[in-house]
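All values derive from a computational prediction rather than experimental measurement. Sequence positions, counted from 1, serve as the residue numbers for this chain.
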Amino acid sequence: MKVVLLAGGAGTRIAEESAKRPKPMVEIGGMPILWHIMKTYAHHGFCEFVICAGYKQHMIKEWFADYFLRQSDVTFDFTTGRESVTVHHSHIEPWKVTIADTGLATMTGGRLARIKEYTGNEPFLMTYGDGVCDVNIQELVKFHRSHGKIATLTAVVPEQQKGFLDIGENNSVRAFREKSIADAAPINAGYMVLNPEIFNYLTGDSCILERGPLEKLAAEGELKSYVHHGFWQCMDNMREHDILERLYAEGHAPWKVW
């Protein structure tokens, strides 16, 4: 089963980094967040990837083109007057990676539609290139296969950030309590499993997957949610980037399941 990664957006909310490189190439612990996401999938046995690139897509291609050399011990021998390269040890993952230029301004559904030729007529996994999670991918796939619907998304309940106030007349605070996980509604964390029928719901480049297609699937009863109670964190801004960087530096990165 292939893994499709949406990695084409400009990431304007994290402009401090995305002005220089694609958002999925922003580093956590010295490696792009895209690599962290791929390592999670590979840990569960899914090692064939299709990356939907767009903004500064050449940088993603160049990173993977250089990856073999950067992960290997190499001798460059110029003594004969021409270059000879000997690879002694390689620490590269057994991945197959297809990087497709899906356009600069293409929306999420449009990007997915553009890579249909690479997924084949079979179910595939899909997620966004800016969020890490410790979801059990094997269990997610098992759940998807059990219900027979077109699409499954992973739902998480985000931690609430503030306490709650009960305010009465004259602005009097009648009660105060701390946040509870029960106060939040589940959200789409990505980490989806999609049957090939999904392509029947996608239109042109302006198609937004999370609106028309997923809304229609939900209305038809073809969308299921796999509820994940573990860790998930997106990287929409520098504050969230710093949270992930700190967790990784301290050795407490829950998504590092490999």
Side-chain angles (χ1 to χ4, degrees), residues 2-42 46-74 76 85 87 90-119 124-133 190-191 205-206 208-209 233-249 253 255-256 258:
K2 297 181 178 68
V3 182
V4 175
L5 302 170
L6 296 183
T12 54
R13 285 180 289 182
I14 192 169
E16 302 95 324
E17 287 285 349
S18 62
K20 300 176 287 187
R21 52 188 150 183
K23 184 180 178 183
M25 301 307 291
V26 175
E27 294 181 353
I28 305 295
M31 297 296 280
I33 191 171
L34 185 66
W35 176 88
H36 289 262
I37 296 167
M38 295 168 73
K39 287 284 285 187
T40 299
Y41 278 103
F46 301 97
C47 298
E48 188 167 353
F49 301 93
V50 179
I51 299 175
C52 300
Y55 174 72
K56 296 185 183 292
Q57 52 90 23
H58 66 283
M59 298 184 72
I60 301 177
K61 294 175 180 175
E62 289 169 357
W63 191 90
F64 280 99
D66 292 339
Y67 189 46
F68 180 80
L69 287 179
R70 287 188 282 107
Q71 295 296 106
S72 305
D73 296 341
V74 184
F76 295 94
V85 180
V87 177
S90 180
H91 310 286
I92 199 167
E93 291 86 355
W95 296 348
K96 181 177 180 180
V97 184
T98 299
I99 303 169
D101 181 3
T102 56
L104 187 61
T106 312
M107 298 291 102
T108 49
R111 293 192 190 283
L112 194 56
R114 286 201 186 196
I115 53 87
K116 180 180 179 180
E117 64 180 291
Y118 300 118
T119 60
F124 59 94
L125 296 150
M126 193 216 81
T127 196
Y128 307 99
D130 61 356
V132 287
C133 189
Y191 290 84
D205 285 355
S206 61
I208 300 174
L209 176 66
Q233 178 63 59
C234 63
M235 189 187 67
D236 276 342
N237 51 53
M238 285 305 298
R239 183 187 68 83
E240 292 170 344
H241 167 270
D242 293 344
I243 290 172
L244 296 174
E245 186 71 66
R246 184 178 67 254
L247 288 171
Y248 195 84
W255 70 90
K256 191 182 177 184
W258 60 89

Closest contact, heavy atoms only, I51 versus A7 | CG2-CB, 3.8 Å
Which atoms form the tightest heavy-atom contact between S72 and S90, and what is the distance?
-> OG-OG, 3.2 Å
Side chain of K23, backbone of Y55: donor and acceptor closer than 3.5 Å?
-> no
If you look at every heavy atom in P22 and K56, which pair is closest and at what distance?
-> CG-O, 3.4 Å
Please confirm whether the backbone N or O of G8 pairs with a side-chain atom of R111, one donor and one acceptor, at under 3.5 Å?
-> yes
Can you find a pair of side-chain heavy atoms, one from V97 and one from Y67, that are under 4.5 Å apart?
-> no
Determine yes or no for a side-chain-to-main-chain donor-acceptor pair under 3.5 angstrom, with T127 supplying the side chain and L5 the backbone.
-> no
Roughly how far, to the nearest 0.5 Å, is the CZ atom of R70 from the CE atom of M31?
-> 6.5 Å
Is atom NZ of K61 surrounded by more than 12 heavy atoms (other residues, nucleotides or ligands) closer than 6.0 Å?
-> yes
Value for CG (L69) from CD1 (I92), rounded to nearest 0.5 Å, stands at 9.0 Å
Is there a side-chain contact between V4 and C52 (heavy atoms, below 4.5 Å)?
-> yes
Would one find more than 12 heavy atoms of other residues, nucleotides or ligands at under 6.0 Å from atom OH of Y118?
-> no
Checking W63, W255, W258 against W35 for ring-ring contact (aromatic ring centres under 6.0 Å, His included), the one that qualifies is W258
Considering only heavy atoms from C-beta outward, does the side chain of V132 approach that of I33 to under 4.5 Å?
-> yes
One should read off an interatomic distance between M238 CE and I243 CD1, to the nearest 0.5 angstrom, of 11.5 Å
Could you tell me whether D101 and R114 have a side-chain N and a carboxylate O separated by less than 4.0 Å?
-> no
Nearest heavy-atom pair of I60 and A53: which atoms, and what distance?
-> CD1-CB, 4.1 Å
Are any non-hydrogen side-chain atoms of I14 and D236 less than 4.5 angstrom apart?
-> no
Would you give the length of the straight line joining atom CD of E93 to atom CZ of F68, rounded to the nearest 0.5 angstrom?
-> 12.0 Å
Spatial distance of atom CG (D130) from atom NE2 (H36) [nearest 0.5 Å] = 13.5 Å
Aromatic plane relationship, W95 with F49 - under 30° parallel, 30 to 60° tilted, over 60° perpendicular = perpendicular
Quick check, are the ring centers of F46 and F124 under 6.0 angstrom apart?
-> no
Which heavy atom of E240 sits nearest a heavy atom of M235, and at what distance?
-> OE1-C, 3.6 Å
Side chain proximity check, M126 to L209, heavy atoms < 4.5 angstrom | yes
Check whether any side-chain heavy atom of Q233 sits under 4.5 Å from a side-chain heavy atom of L247, and report yes or no.
-> no
Compare every heavy atom of E27 with every heavy atom of E245, then report the nearest pair and how far apart it is.
-> OE1-O, 3.5 Å
With H241, which residues qualify under side chain to side chain donor-acceptor pair (under 3.5 Å), at least two apart?
-> none
Point-to-point distance, once rounded to the nearest 0.5 Å, from CG of D242 to CD1 of I28 | 8.5 Å
